[in-house]
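Predicted model, so just to flag it, every value in this text is computed and none were measured. Atom set for the values below is all heavy atoms of this structure, side chains included, hydrogens, waters and symmetry mates excluded.
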Amino acid sequence: MHSPLDWPEDEWEPLIKTNLTGSWLVAKHVCRRMRDAKLKGSVINISSVSGLNRGHLPGSTGYAASKSAMHYATKVLYLLLNNSHQAFV
């Protein structure tokens, strides 16, 4: 468990890559395939209440930040892709 001021970068980066970048890459490639196949569908990202307003536990800075970022990235993907009728996220 780390203070936000002492969190080592080598522990922060894998957390962000797994929780945020991983979800984005899956959505990106699934939505491309749906678009290319002219299919409508849904991408469902499962997050955590820690990303909404519950990240107040000691040591949860990175986890809460990654889940919050994933939550809002999913919302933006939905708005952009739904408006262009390419896919539903």
Notebook entry, point to check: Taking all atoms of both residues into account, what is the closest heavy-atom pair of Met34 and Val43, and its distance?
Noted result: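 Shortest heavy-atom contact: CE-CG2, 4.2 Å.
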
Next item on the list: Go through the side-chain N and O atoms of Asn45 and Ser23 and say whether any donor and acceptor fall under 3.5 Å apart.
Entry: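 No - no donor-acceptor pair under 3.5 Å links their side chains.
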
Nearest 0.5 angstrom please: [X] [atom1] to [Y] [atom2], how far?
X	Y	atom1	atom2	result
Thr18	Met70	OG1	CE	12.0 Å
Cys31	Leu80	SG	CG	11.0 Å
Trp24	His29	CH2	NE2	7.0 Å
Leu15	Thr21	CG	OG1	10.5 Å
Tyr78	Ser42	OH	OG	9.5 Å

Check: Among all residues two or more places apart in sequence or in another chain, which pass the side chain to side chain contact (heavy atoms under 4.5 Å, CB included) test with Arg33?
Finding: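 Per chain and number, Arg33 pairs via side chain to side chain contact (heavy atoms under 4.5 Å, CB included) with no residue.
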
What side-chain donor-acceptor pairs closer than 3.5 Å can you find for residues 62-69, not counting sequence neighbours?
from, atom 1, to, atom 2, distance (Å)
Ser66, OG, Asn19, ND2, 3.0
Ser66, OG, Gly62, O, 3.3
Ser66, OG, Tyr63, O, 2.9
Ser68, OG, Gly51, O, 3.3

Next item on the list: Would you kindly confirm whether Trp7 and Leu20 end up in one hydrophobic cluster when ILVMFWY residues are joined by side chain heavy atoms under 4.5 Å apart?
Entry: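 Linked within one cluster.
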
Next item on the list: Any chance you could lay out the side chain to side chain contact (heavy atoms under 4.5 Å, CB included) test for Leu77 and Tyr72, step after step, and finish with the verdict?
Entry: CA-CA 9 Å; Leu77 282 169; Tyr72 286 101; over 6 Å; no

